[in-house]
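Positions are given from 1, in the same order as the sequence printed here. What you see below is based on every heavy atom in this structure, not just the backbone, and it leaves out hydrogens, waters and symmetry mates.
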Amino acid sequence: MFLTIDKLNVKGKRVLVRADLNVPSKDGKVTDTTRIDRSAATLTELAAAGAKVIVLTHFGRPKGREEKYSQKLLVEPLAKAVGKPVAWADDCIGPEAEKVIAAMKDGDIALLENVRFHPEEEKNDFGFAKSLSALGDLYVNDAFSTAHRAHASTEGLAHMLPAAAGRLMQAELEALGKALEHPEKPVAAIVGGAKVSTKLELLGNLVSRVDYLIIGGGMANTFLFAEGKQVGKSLCEKEMADTAREILEKAKAAHCHIVLPVDAVVAGEFAENAPSKVVSVDEVPADMMILDAGPASAEAVIDRLGGCKTLVWNGPFGAFEIKPFDAATNAVAQWAAERTKQGKLLTVAGGGDTVSALAKAGVEDKFSYVSTAGGAFLEWLEGKELPGVAALNIMPNKAPSSGGGCGCGSGGGGGGCH
C-alpha cells in the first residue's frame with residue numbers, strides 16, 4: 001500500500017512534487033500540453049490546501065546544463081494549467097532554488113530547473129538527493145511515467161522525506177491494479193507492436209494472468225510464421241519462431257487462449273492508400289506484406305471481448321498511421337469504447353503508439369484509463385517492481401546520515417539503486 005496526499009498535512013509546508021512535464025516542443029514552444037494538464041490536479045489541490053508547491057521534473061536528455069533543455073518554456077503553460085502564476089528558479093538545488101522557495105507564500109507554486117542538468121540525478125546520487133530534500137518538508141511523486149527509473153528525484157527522495165503518491169500516480173496505480181492485480185474476469189490483453197523480441201517478458205507475464213491474449217501488429221506475423229504460414233514480405237522475426245512456439249505452449253499450459261489474425265490486409269508497399277486487398281492468413285502472396293489485421297480478424301476479436309469484463313491494451317493491430325491500414329485498430333477501439341460507456345468493460349491502455357492509435361480512432365478519452373507512460377506502463381505489465389512506486393511503500397528517513405546510497409540497501413553513493 002502507498003500513502004496518498006489525503007494523508008499529508010500540507011498547510012504551511014514545502015512540498016516537493018516530482019511531476020513528468022517532459023512534453024513535446026518546437027522552436028521553444030510546447031506543442032502538446034497533455035502531461036502538464038494532467039499534472040495540474042495534484043498541484044492545484046496541494047496549493048489550495050496551503051502548501052508551498054515546488055515542482056521537480058526533467059526535460060529531454062541533456063548532457064549537463066544545455067540551454068535548449070531549459071524548462072523555462074514550461075512556466076507559461078503550467079501557469080495556464082493551474083490557473084495562477086508560477087515562480088521560476090534557474091536551478092533545482094543551491095542558492096537559486098533556495099531564494100525562490102524562501103519568497104514563496106502558502107498556496108504558491110514554483111517550478112525548478114531541469115533535474116537532469118545534474119548528472120547525479122540519473123545516478124541516484126545520495127548527496128544530490130539530500131540537496132533536493134533540503135528544499136522541502138514533504139515529497140509527492142506524481143510521475144508514474146518515470147517510476148521505472150531509480151533516480152534521485154523519483155526514488156532517492158522518498159527515503160528522505162515523508163512521501164505520498166499524487167493524484168495522477170494514484171489514478172495510474174489504481175487503474176492498473178484493477179486491470180491486472182485484482183481484475184474482474186474474464187480478462188483480455190491486446191498486445192501489438194512490431195517485434196516479439198521487444199515484448200518477450202510482457203507476453204510471458206500476461207499468459208499466466210489473462211484469459212485471452214490477442215496478438216496484433218508485426219509480432220502477429222512472427223506467430224503466424226511459427227505456425228507454418230507464409231507471410232510474404234511482411235515484417236517478421238523468423239529467428240524468433242521457436243520463442244513464439246514456446247509462448248504458445250506456455251499459454252496452453254496456463255489455459256490462456258491466444259488469438260491471432262485469421263485474415264489480413266496486404267499491399268505491395270508501405271504507403272498511404274497503397275493498393276491493398278484482404279486475404280486469408282493462409283494465402284498471403286509472396287510479393288506482398290501484411291499491414292493490418294483483416295475485417296474477419298477484427299470481428300473475431302470483438303466476439304472474444306464480448307464475454308470479457310477487463311481489457312488491457314498495448315499496441316495497435318496494424319500500420320494505424322496510414323489509411324487504410326488503421327481499420328482493425330479503429331474497429332476494435334471504437335467497440336471497446338462503446339462497451340466501456342455501457343459499463344460492461346473496464347478498459348486500460350498505455351504506451352506511446354497505443355495512445356496515438358486510440359486518439360486517431362477518436363476514443364482516447366472514452367476508455368476507463370489511458371496511461372501516458374511508456375516504459376513504466378510496459379514494465380508494470382511485465383510484472384516488474386518499479387523503483388519509484390516501491391519507494392512510496394517504505395518509511396521515510398531510512399537513508400544513512402552521510403554517504404553510501406539512498407537507504408535502499410544497494411550500497412555506495414552515486415551507483416544508483418535497485
Side-chain angles (χ1 to χ4, degrees), residues 188-207 210 212-252 256-301 304 313-333 351-354 356-357 374 378 381-382:
I190 294 172
V191 180
K195 297 181 177 181
V196 173
S197 55
T198 61
K199 295 191 176 179
L200 273 179
E201 291 180 88
L202 172 59
L203 295 170
N205 184 48
L206 287 178
V207 294
V210 303
Y212 298 99
L213 179 55
I214 300 158
I215 298 177
M219 69 167 61
N221 303 335
T222 302
F223 279 87
L224 293 172
F225 178 79
E227 290 190 332
K229 302 183 191 304
Q230 298 304 308
V231 295
K233 297 195 302 179
S234 308
L235 177 66
C236 179
E237 294 179 288
K238 294 181 178 179
E239 72 280 4
M240 298 297 293
D242 285 343
T243 303
R245 284 188 280 266
E246 287 171 12
I247 292 169
L248 290 168
E249 285 301 314
K250 185 177 179 181
K252 189 176 179 181
C256 169
H257 301 279
I258 287 190
V259 180
L260 294 170
V262 293
D263 63 346
V265 181
V266 298
E269 60 175 336
F270 180 81
E272 185 92 21
N273 293 315
S276 62
K277 62 180 181 178
V278 177
V279 299
S280 163
V281 292
D282 295 306
E283 298 171 348
V284 177
D287 61 344
M288 302 188 89
M289 63 184 82
I290 299 171
L291 292 176
D292 195 14
S297 298
E299 282 300 320
V301 168
R304 290 280 190 177
W313 191 332
N314 176 254
F317 283 97
F320 73 94
E321 306 94 336
I322 57 175
K323 291 183 176 297
F325 311 113
D326 56 350
T329 300
N330 290 350
V332 177
D353 279 352
T354 314
S356 298
L378 270 177
L381 294 186
E382 288 167 2

Student: What heavy-atom pair brings T329 and A357 nearest, and what distance separates the two atoms?
Tutor: CG2-CB, 3.9 Å

Student: Would you sort out whether L203 and F223 count as a side-chain contact (heavy atoms from CB on, under 4.5 Å), showing the intermediate values?
Tutor: CA-CA 12 Å; L203 295 170; F223 279 87; 4.2 Å; yes

Student: Could you list the residues that satisfy side chain to side chain contact (heavy atoms under 4.5 Å, CB included) with A251, not counting sequence neighbours?
Tutor: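 Side chain to side chain contact (heavy atoms under 4.5 Å, CB included) list for A251, sorted by chain: V207, C256, I258.
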
Student: For residues V278 and P295, determine if any side-chain heavy atom of one lies less than 4.5 Å from a side-chain heavy atom of the other.
Tutor: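 SC-SC contact between V278 and P295 confirmed.
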
Student: Run the ring-ring contact (aromatic ring centres under 6.0 Å, His included) test against F225 and tell me which residues pass, sequence neighbours left out.
Tutor: none

Student: To the closest 0.5 Å, what do you measure between CG (L202) and CG (L213)?
Tutor: 8.0 Å

Student: If you look at every heavy atom in P261 and V281, which pair is closest and at what distance?
Tutor: O-CG1, 3.6 Å

Student: Using side-chain hydrogen bond (donor to acceptor under 3.5 Å, both in side chains) as the criterion, list what pairs up with T354, not counting sequence neighbours.
Tutor: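 Expected list: none.
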
Student: Report the C-alpha distance between S297 and F317 in whole Å, list the side-chain angles of each, state the deciding distance to 0.1 Å, and finish with yes or no for side-chain contact (heavy atoms from CB on, under 4.5 Å).
Tutor: CA-CA 10 Å; S297 298; F317 283 97; over 6 Å; no

Student: Under the side-chain hydrogen bond (donor to acceptor under 3.5 Å, both in side chains) rule, collect the residues that match up with E227, sequence neighbours excluded.
Tutor: none

Student: Who passes side chain to side chain contact (heavy atoms under 4.5 Å, CB included) against D353, sequence neighbours left out?
Tutor: P316, F320

Student: N205: what forms a side-chain hydrogen bond (donor to acceptor under 3.5 Å, both in side chains) with it, not counting sequence neighbours?
Tutor: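 Partners of N205 under the side-chain hydrogen bond (donor to acceptor under 3.5 Å, both in side chains) test: none.
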
Student: Is it the case that the side chain of D292 and the backbone of V265 share a donor-acceptor pair, with hydrogens and angles ignored and the cut-off at 3.5 Å?
Tutor: no

Student: Taking only residues two or more places apart in sequence or in another chain, which ones pass side-chain hydrogen bond (donor to acceptor under 3.5 Å, both in side chains) with S356?
Tutor: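 Checked S356 against side-chain hydrogen bond (donor to acceptor under 3.5 Å, both in side chains); zero matches.
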
Student: So which pairs with a foot in residues 188-203 pass side-chain hydrogen bond (donor to acceptor under 3.5 Å, both in side chains), sequence neighbours left out?
Tutor: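 Every pair satisfying side-chain hydrogen bond (donor to acceptor under 3.5 Å, both in side chains) with a residue in residues 188-203: S197-E237, K199-N314, E201-K384.
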
Student: Give me the atom names and distance for the closest heavy-atom approach of L291 to A267.
Tutor: CD1-CB, 3.9 Å

Student: A226: what forms a side chain to side chain contact (heavy atoms under 4.5 Å, CB included) with it, not counting sequence neighbours?
Tutor: A241, A244, R245

Student: Not counting sequence neighbours, list each pair that qualifies as a salt bridge (Lys or Arg N to Asp or Glu O under 4.0 Å) and has a residue in residues 265-283.
Tutor: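 Output for this query lists K229-D282.
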
Student: Holding to side chain to side chain contact (heavy atoms under 4.5 Å, CB included), I want the full list of residues that pass it with S234, two or more places apart in sequence or in another chain.
Tutor: N221, V231, M289, I290

